[in-house]
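Note sheet for the following structure.
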Amino acid sequence: MSDIFANKIGTVAAARNDAPVEGSQSLRYSPAEIEPRWQALWDADPSLYASEGHDSGKPKYYCLEMLPYPSGALHMGHVRNYAIGDALARYMWMRGHNVLHPMGWDAFGLPAENAALKNNTPPREWTLTNITAMRKQMKRLGLSYDWSIEVTTCLPDYYRWTQWIFLKMYDAGLAYRKKSKLNWCSLCQTVLANEQVVNGCCWRHEDHPVEQRDLTQWFLQITKYADELLDGLDKLDGWPEKVRTMQRNWIGRSEGTLISFAVKDSPEKVSVFTTRVDTIFGATSVQLAPEHVMTKAFAAEDPTLAAQVEEMIAQQKAAREAGDLGAIEKHGVSTGRFAVNPFNGELVPIWVANYILADYGTGAIMSVPAHDERDFEFAQKYGLTIKRVVGPNVDTDDLALPYTVEDEAVLIDSGEWTGESSLEAQGKMATFAKANGFGTPTVTYRLKDWGVSRQRYWGTPIPMVYCERGHAGVEPGGVVPLPESALPVLLPEKVEITQQGGSPLGRVPEFVNTTCPVCGGPAQRETDTRDTFVDSSWYFYRYADAKNTTAPFASEKANYWFPIDQYIGGVEHAILHLIYSRFWTKVMHDLGLVADDEPAKRLFTQGMVVKDGAKMSKSKGNVVSPDLMIERYGADATRMYALFAVPPDRDLEWQEDGLGGISRFLNRVYRLTLKYKDAHRSTNTLAGQSVAGQQLLRKLHQTLEKITRDFSGRWHFNTSISAIMELVNEVQAAEPAMDSEEIPVATVAEVFRTLVLMLAPFAPFFAAELWSEIGGKGVVFRTPWPQADAELAQDDEMQVPVQINGKLVTVVSIAAGSEDAAVKAAAMTDAKVVARLEGKVVVKIIMVPGRLVNVVVK
RNA sequence: GCGAAAGUGGCGAAAUUGGCAGACGCACCAGACUUAGGAUCUGGCGGAGCAAUCCAUGGGGGUUCAAGUCCCCCCUUUCGCACCA
């Protein structure tokens, strides 16, 4: 490839018509001329960014940035994300890796339908047009994606396999249909997963509260993997702690006990979930959620209670809609009924309370006011009994309540368990409850199964039909999965999209009406489509084998590339995409499709791009267009600025003036490189080295060391780039010495060659241009990364600060590697030090080898 | 309320292990060159002071020969969670 490429370089360079005047101070590099020229060249060679075979002998490296939604235009957040990924991918190539660096489109979703309504353009057309525009922008930015394996989730060659995996999940019992209460966004006209509800509002409409609706929907059984998802987090030490914590909280695993309380004068029992069974002797009431079945049963016999519960539910709904659930005051109402504490036979009143969540645990609790803050608050309000049963020791009298400590606490007034430690009692009492048939140790999760049905058009059709008449094993109207041979279930093109409720596909008879694949009788297709987060849960596997027409991918190919070595994206996906795709990977692992059970070894979440202190958004009017920046300063400068301004994990405050600085820097490099380009052709390599030459080489190798270290470690590209700037400042200062050849020509050549290579990951067009100018062989970003020479980087002198009582007095210069005694002598004989020591008594002298001398005086 | 991260010049920031606070860049100031340019080059640029020197990393305490960095308390900002029994 490189030979062909070198020829192309020659052709283009020769064809250029604006050869700059060498040595001119006003020489300016023109990104507008350089960048499109190289872009055209790269675009014409699809093999340029393609990964090599598995037998390439190189270590593999899978570098992945999160795929965008094709909204129509890249924003600065994208540019930043991709600039980071691209620098890394190019660097890994130069370090001799076989790199997979793909890009695709998360192309299903509601905005396409909204656009269709607004502009009367079909979603498919709108989406594909946007993809074309954004792909062009990415190319303009010079991003090194392998476009031959591009993945577009809304095309049948992709969603066919999303359907296929769904069928596998159905077979494995992981996909099921159930009626339940679901979050409904009236603006989106569809249900939402729990993960898509933010502060009680829709994730797409931040100020619009979701409603609860009873619907029959498809679910994926992510809860089956709750423990695996949780335990897996411990091994993901290449993920930010913040993301791991968010996922742990989201999963919300909680170990406890189910305790069954008998209801007085009733055959019914009420089951409560508690993590503190050790406090059960202090239970002074049972609290039911307003939506609890027993609440309903009691209310049915008691109109007053029914009205009160009704009001409670209404109030809660209002609070949710005001987006202020947290502020709602606890209140409740007694049912007049009693439950029996199975541990001591005590009768406790049954209440209904608004702070009991219907969908967590059993929707009922035992209330222990002395040892739970919420129960305490509630009991105080209603004057319920507060009975203390745990304390630091058995004799404690005065104790501030509620007392919620469980480590180092012991039980009081708790029958045969009195005096036991809380933690031990928890185990023993659960066992006792189980042995006596009124309790079970239980684990509860906050995580709920993932509702994936959406009442929208622009999504992956669900490959299921409902057999009208039914047949053996299937009742009339029952679910029948389609066979693999029926895939893909194509999304019909001509669909009227309206804002009215119900799935748009339901209004397309040709789609709905079909035949049952088992009995051949009439059947109706499922008309909901799937949540787009399903599409993006496995897209990165498809890159490994994007053209496969007989399977989602060949396992052998996926197993070569996975896990992803570095995944880069925004933190906003911490518990959406990133938990779904972990789940999906575990499922595919269990289905035998992939070897690993985690998709990505390392995750990096970059900071936001902000302007005037706020996230860029159209509504705030503070959006900076990448296209405009490229026009003004070029893609290289724009990308480099995004990396230079701030470390990649922090928020970036966009300041266009800073971009001007990068542009000037590149200009300087351009002028200098061209001025000395003849050095690369010089045959005069015999000249000896001079002090000035040695100094320049030292700086060069120090810079190289630093950048190499930054790439493998902290990714502080801002300091990598400032190190290159420092180097260039020194090169510029050395101009006279280079002109006079005091610095040998061979050294000049080495400096510029290395400089261009170091710039290649950050400014690819620019580096390619200069590489061709200095006669570099092959493609610059496939050229091996230069090796830093530790010996050349070694300083021959060191600057040792000298302090008196910790305050800096002077800095002494001394030969590098000098003995401590010599450094001490140099410090103590320094004129400034001598003057300051006059009349003082030296108590001791602290020597930090190679770093500092501190003289402690009295 | 709970949890996490952060707070350093006019601005973005740097300081790898407790060891010269402010690298690099922006803005600004002065100068040079000029067929005036949003070009380039040179120098300056935390505060006070003529200077020696002193003060300074959100505030207050502490540990240490030495603290932006470690410990304690407080303030502010951002993010996440928010009755999860």
Side-chain angles (χ1 to χ4, degrees), chain A residues 24-28 198-199 240-243 245-246 249-250 252-254 256 272-276 279 287 325-330 353-357 359-368 371-375 377-378 444-447 571-572 574-575 607-608 610 613 632 641 644-647 649-665 667-668 671 706 709-710 713-714 716 718-726 728-729 732-733 735 799-811 835 843-848 850-857:
Chain A
S24 160
Q25 290 283 304
S26 60
L27 178 65
R28 291 190 63 73
V198 181
N199 291 329
E241 195 50 52
K242 180 187 168 131
V243 172
T245 304
M246 281 166 77
N249 292 342
W250 187 259
R253 184 181 202 273
S254 175
V272 304
F273 175 72
T274 179
T275 55
R276 292 295 306 273
T279 64
Q287 303 284 346
L325 262 179
I328 193 164
E329 201 193 327
K330 289 182 181 43
N354 67 340
Y355 71 98
I356 308 305
L357 303 174
D359 58 358
Y360 182 78
T362 61
I365 64 150
M366 62 177 203
S367 173
V368 185
H371 307 293
D372 181 281
E373 305 212 1
R374 296 151 300 179
D375 295 347
E377 188 188 331
F378 189 84
T444 308
Y445 301 90
R446 187 178 178 274
L447 181 73
V571 74
E572 65 272 16
I575 45 178
M608 281 189 306
V610 301
R632 284 191 190 153
Y641 171 69
F644 172 70
V646 57
D649 52 342
R650 272 211 240 171
D651 284 355
L652 162 59
E653 169 75 36
W654 193 264
Q655 290 186 333
E656 198 176 327
D657 284 340
L659 186 43
I662 295 288
S663 179
R664 282 198 288 272
F665 162 72
N667 239 333
R668 246 173 18 243
R671 178 183 71 78
K706 166 153 180 56
R709 200 165 50 230
D710 279 344
R714 301 188 307 162
H716 279 200
N718 54 329
T719 59
S720 310
I721 294 169
S722 22
I724 300 178
M725 287 173 170
E726 280 185 60
V728 171
N729 288 346
Q732 196 166 357
E735 264 190 277
Q799 312 293 316
V800 182
V802 182
Q803 300 179 332
I804 294 181
N805 285 348
K807 298 229 169 191
L808 181 73
V809 173
T810 189
V811 177
V843 179
K844 61 174 163 176
I845 299 174
I846 312 264
M847 299 289 307
V848 184
R851 283 215 99 122
L852 159 138
V853 179
N854 187 14
V855 185
V856 185
V857 300

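Chain naming here is simple, since letters A, B, ... match the order of the sequence lines and numbering starts at 1 in each. Keep in mind the model is a prediction, meaning the values are calculated, not measured.
Listed nucleotides B/rC24, B/rA15, B/rC41 differ in distance to A/Glu726; the shortest reach to its side chain belongs to B/rC24. Closest contact between the side chain of A/Arg664 and the listed nucleotides B/rU40, B/rG80, B/rA15 involves B/rU40. Considering only side-chain atoms of A/Ser254, the nucleotide from B/rC20, B/rA85, B/rG12 that sits closest is B/rA85. Of the candidates B/rA85, B/rA14, B/rC20, the closest approach to any side-chain atom of A/Pro647 belongs to B/rA14. Across B/rC41, B/rC20, B/rA85, the shortest atom-to-atom separation from the side chain of A/Pro801 is found for B/rC20. Picking from B/rA15, B/rC20, B/rC24 the nucleotide with the shortest atom distance to the side chain of A/Gln799 gives B/rC20. Of all nucleotides listed (B/rG12, B/rA23, B/rG19), B/rG19 comes nearest to the side chain of A/Gln803. Which of B/rC65, B/rG19, B/rA13 sits closest to the side chain of A/Asn718 comes down to B/rA13. For A/Asn354, counting side-chain heavy atoms from C-beta on, the closest listed nucleotide (B/rC83, B/rC20, B/rA15) is B/rC83. Set against B/rG25, B/rG80, B/rA85, the side chain of A/Met246 has B/rG80 as its closest nucleotide.
Between the base of B/rC83 and the side chain of A/Lys330 there is a donor-acceptor pair shorter than 3.5 Å. Evaluation of atom-type donor-acceptor distances gives a pair under 3.5 Å for the side chain of A/Asn854 against the base of B/rC65.
One atom, CG of A/Leu808, and another, C1' of B/rA66, lie 12 Å apart when rounded to the nearest Å. In this entry the distance linking CG of A/Leu652 with C1' of B/rG12 reads 9 Å, nearest Å. The CZ-C1' distance, from A/Phe644 to B/rA14, rounds to 10 Å in whole Å. Taking atom CZ on A/Arg650 and atom C1' on B/rA13, their separation rounds to 7 Å, with Å as the unit. At whole-Å resolution of the value, CH2 in A/Trp250 and P in B/rA82 are 7 Å apart. One can place CD of A/Gln655 at 8 Å from P of B/rA13, the figure rounded to the nearest angstrom. In this structure, A/Phe665 atom CZ and B/rA39 atom P are separated by 18 Å, rounded to whole Å.
Regarding contacts with the backbone of B/rA85, a side-chain N or O of A/Tyr360 is found under 4.0 angstrom from either OP1 or OP2. Distances shorter than 4.0 Å separate some side-chain N or O of A/Gln732 from OP1 or OP2 on B/rC41. Close to B/rA56, at under 4.0 Å from its OP1 or OP2, lies no side-chain N or O of A/Lys807.
Heavy-atom nearest nucleotides on RNA chain B were determined for A/Leu852 and for A/Asn729, and the one closer to the 5' end corresponds to A/Leu852. Along RNA chain B, the nucleotide nearest to A/Asn249 and the one nearest to A/Gly252 differ in position, and the one closer to the 5' end is contacted by A/Asn249.
Within 4.0 Å of A/Gly361, counting heavy atoms only, lies no atom of the nucleic acid at all. When heavy atoms are screened at a 4.0 angstrom cut-off, A/Ile356 is found touching base atoms of the nucleic acid. The residue A/Tyr445 sits apart from the nucleic acid: no heavy atom pair falls under 4.0 Å. Contact annotation for A/Glu377: no contact, since no heavy-atom pair falls under 4.0 Å across all strands. Nucleic acid contact for A/Asp359: none, since no nucleic acid atom lies under 4.0 Å from a heavy atom of the residue. Across all strands shown, A/Val811 has heavy atoms under 4.0 Å from base atoms, whether or not it also approaches the sugar-phosphate. At a threshold of 4.0 angstrom between heavy atoms, the contacts of A/Glu653 with the nucleic acid are absent.
Taking the C1' atom of each, B/rG19 and B/rC24 are spaced 22 Å apart, rounded to whole Å. Nucleotides B/rG61 and B/rG1, compared at atom C1', are 27 Å apart to the nearest Å. Nucleotides B/rU69 and B/rG46 are separated by 22 Å at their P atoms, to the nearest Å. Across B/rA27 and B/rG12, the matching P atoms stand 15 Å from one another, rounded to whole Å. Between B/rC70 and B/rC26, the distance separating the two P atoms is 32 Å to the nearest Å. The separation of B/rA51 from B/rG68, taken at their C1' atoms, amounts to 29 Å, rounded to a whole angstrom. B/rC79 and B/rU42 are spaced 46 Å apart, taking the C1' atom of each and rounding to whole Å. On the P atoms, B/rA14 is 25 Å away from B/rG60, given to the nearest whole Å.
The closest side-chain donor-acceptor pair between A/Asn729 and A/Arg668 falls under 3.5 angstrom.
Ring geometry, A/Phe378 versus A/Tyr355: the interplanar angle falls from 30° to 60°, so the pair is classed tilted.
Ion pairing between A/Lys706 and A/Glu726 fails under the 4.0 Å rule for side-chain N and carboxylate O. Using a 4.0 Å cut-off between charged side-chain N and carboxylate O, A/Asp710 and A/Arg714 make no salt bridge.
Pairing partner, B/rG49: none, since no Watson-Crick or wobble contact has both distances short of 3.5 Å. B/rC65 and B/rG19 make up a base pair, with Watson-Crick or G-U wobble contacts both under 3.5 Å. The pairing partner recorded for B/rA56 is none, the criterion being a Watson-Crick or G-U wobble arrangement whose two distances lie under 3.5 angstrom. Pair assignment for B/rG3: B/rC79, on the basis of Watson-Crick or G-U wobble contacts that are both within less than 3.5 Å. Pair assignment for B/rA27 gives none, since no Watson-Crick or G-U wobble pairing has each distance under 3.5 Å.
Between the CZ atom of A/Phe644 and the CG atom of A/Leu659 there is a distance of 11.5 Å, given to the nearest 0.5 Å. Rounding to the nearest 0.5 angstrom, the gap separating the CZ atom in A/Arg276 from the CG atom in A/Asp375 is 11.5 Å. To the nearest 0.5 angstrom, A/Gln799 atom CD is 13.5 Å from A/Leu852 atom CG.
In this entry the base of B/rG47 is anti relative to its sugar, with a glycosidic angle more than 90° from 0.
In this structure a side-chain-to-backbone donor-acceptor pair under 3.5 Å is present from A/Asn854 to A/Gly806. Panel note: side chain A/Tyr641, backbone A/Gln655; a donor-acceptor pair is recorded below 3.5 Å.
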